[in-house]
Enquirer: 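Quick one: the structure is below, and I'll ask about it shortly.
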Amino acid sequence: MPELPEVETTVRDLRQYLPGKTIDKVSLADWPRMIQTHPPEILSQLLAGEQILGLERRAKYIIVNLTNDKYLVFHRKMTGNLFFRQQDAPADKYTHVVIAFTDGTELRFTDLRKFGRVYLFLGKAELDGLLGRLGPEPLLDSFTPQDFQEIMRPRKGNLKVLLLNQDVLVGLGNIYVNEALFVSGLNPQRTAQSLTDGEREKLYHAIRQVLNTGIENRGTTLSDYLDGEGNKGRNQEILFVHNRDKEPCRTCGTTIAKIVVGQRGTYYCPTCQPGESSQ
DNA sequence: ACAAAGCCCTGATAGC
DNA sequence: TGCTATCAGGGCTTTG
Ligand SMILES: [Zn+2]
């Protein structure tokens with residue numbers, strides 16, 4: 001699933017191709033529910049003639065900045081992908097939205113499960129309505145260990161659930177949160193309240209480490225994720241615990257366990273991440 | 001503030 | 001083989 005590293009990789013890919021393109025029309029929109037803000041034909045009208053100025057990532061959203069203060073936004077949820085293609089290139093499976101450009105190229109939004117969403121915002125204020133409640137970006141230089149201490153220290157409840165809450169901190173999904181907890185040696189069943197300052201410090205660095213490594217490896221392809229050109233990432237080859245239940249821990253050899261925390265599959269090493277574990 | 005469950009979806013997998 | 005039930009989960013909503 002696309003988490004921060006996958007979204008960042010895709011944005012960097014698309015940044016090579018999209019800026020300067022002029023939108024011709026929305027040439028496919030066969031699942032209207034995926035377009036959150038407008039009916040397909042209205043979206044097409046509002047986009048026609050606008051030019052792409054640049055791309056940004058915020059949390060797991062891809063934001064395409066357009067002329068006339070318009071913002072085209074994509075969230076890929078579980079199985080969504082964005083591909084830059086020639087209009088006459090072979091079809092991509094599960095394509096549900098296509099933005100066609102005037103030069104014969106197009107942007108394809110594919111999504112097996114149709115959970116992905118497209119938004120068009122007219123003006124920065126509308127955009128901020130979507131992005132306004134999001135927590136800080138963990139990879140910014142301005143995000144310090146002290147910032148992390150301050151957002152985590154007052155929180156209660158389960159640690160892993162908290163780290164997945166995008167209002168607290170953005171970018172982590174199930175894969176990278178499992179990895180970050182392993183790297184920091186913290187059991188996923190720990191409560192946020194139980195952490196010491198030292199453990200929070202380790203967690204801060206672990207989060208940045210696993211996310212940066214994910215970007216260096218161009219994302220984790222377990223089943224569906226592909227980059228802006230349709231290629232797999234490599235991060236799945238070096239995962240410590242995620243999707244590795246019944247396999248040996250790369251550090252100590254203990255069998256990786258799988259439990260459910262916050263209604264999500266949770267992988268950890270019982271030896272490297274000691275703590276309460278009532279399976 | 002936090003927890004748990006339901007919703008949206010469909011390919012893969014397990015069970016009979 | 002062929003059917004049916006279950007599972008995976010990001011973000012949102014509803015209920016407690
Ligand atoms: Zn271990």
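In what follows, chains carry the letters A, B, and so on, assigned in the order in which the sequence lines appear, proteins first and then strands, with residues in each chain numbered from 1.
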Enquirer: Indicate the ring-plane relationship of A:His75 and A:Tyr61, choosing parallel, tilted or perpendicular according to the 30° and 60° boundaries.
Expert: perpendicular
Enquirer: Quick one: closest heavy-atom pair of A:Gln236 and A:Gly219, and the distance?
Expert: OE1-O, 3.9 Å
Enquirer: In terms of side-chain heavy atoms of A:Lys114, which of B:dC2, B:dG11, B:dC9 is nearest?
Expert: B:dC9
Enquirer: In whole angstrom, give the distance that lies between atom CG of A:Asn158 and atom C1' of B:dA4.
Expert: 13 Å
Enquirer: Looking only at heavy atoms, what is the nearest atom pair of A:Gly214 and A:Pro5, with distance?
Expert: C-CB, 3.6 Å
Enquirer: If we check side-chain hydrogen bond (donor to acceptor under 3.5 Å, both in side chains) with A:Arg218, which of these qualifies: A:Thr9, A:Asp227, A:Thr10?
Expert: A:Asp227
Enquirer: Centres of the A:Tyr204 and A:Phe143 rings: under 6.0 Å?
Expert: yes
Enquirer: Contact class for A:Arg33 (heavy atom, under 4.0 Å): base, sugar-phosphate, or nothing?
Expert: sugar-phosphate
Enquirer: Taking the side chain as every heavy atom from C-beta outward, state whether A:Val168 and A:Arg155 have any pair of such atoms under 4.5 Å apart.
Expert: yes
Enquirer: Rounding to a whole Å, what distance do you find between A:Leu131:CG and C:dC12:P?
Expert: 11 Å
Enquirer: So A:Asp197 and A:Gln149, do their side chains get closer than 4.5 Å, heavy atoms only?
Expert: yes
Enquirer: What's A:Arg155 touching, base or sugar-phosphate or nothing? Going by heavy atoms closer than 4.0 Å.
Expert: sugar-phosphate
Enquirer: Would A:Arg85 and A:Phe83 count as a cation-pi pair here, with the cationic atom under 6.0 angstrom from the ring centre and within 45° of the axis?
Expert: yes
Enquirer: Round to a whole Å and report the spacing from NE2 of A:His96 to P of B:dC8.
Expert: 16 Å
Enquirer: For A:Asp111, which contact category applies under a 4.0 Å heavy-atom criterion: base, sugar-phosphate, or nothing?
Expert: nothing
Enquirer: Between the protein and nucleotides 7-11 of chain C, which nitrogen or oxygen pairs come in under 3.5 angstrom?
Expert:
unit_1, atom_1, unit_2, atom_2, d
C:dA8, OP1, A:Lys258, NZ, 3.4
C:dA8, N3, A:Arg113, NH1, 3.1
C:dA8, N3, A:Arg113, NH2, 3.1
C:dG9, OP1, A:Asn174, ND2, 2.9
C:dG9, OP2, A:Gly265, N, 3.2
C:dG9, N2, A:Arg113, NE, 3.4
C:dG9, N2, A:Arg113, NH1, 2.6
C:dG9, N3, A:Arg113, NH1, 3.3
C:dG10, OP2, A:Arg264, NE, 3.1
C:dG10, N7, A:Arg264, NH2, 2.6
C:dG11, OP1, A:His75, NE2, 3.0
C:dG11, OP2, A:Lys60, NZ, 3.1

Enquirer: Is the phosphate of B:dC8 approached by A:Trp31 (side-chain N or O, under 4.0 Å from OP1 or OP2)?
Expert: no
Enquirer: Taking N or O atoms only and anything under 3.5 Å, show me the protein contacts with nucleotides 13-15 of chain C, one pair per line.
Expert:
none

Enquirer: Would a 4.5 Å heavy-atom cut-off, applied to side chains only, mark A:Asp224 and A:Leu112 as touching?
Expert: yes
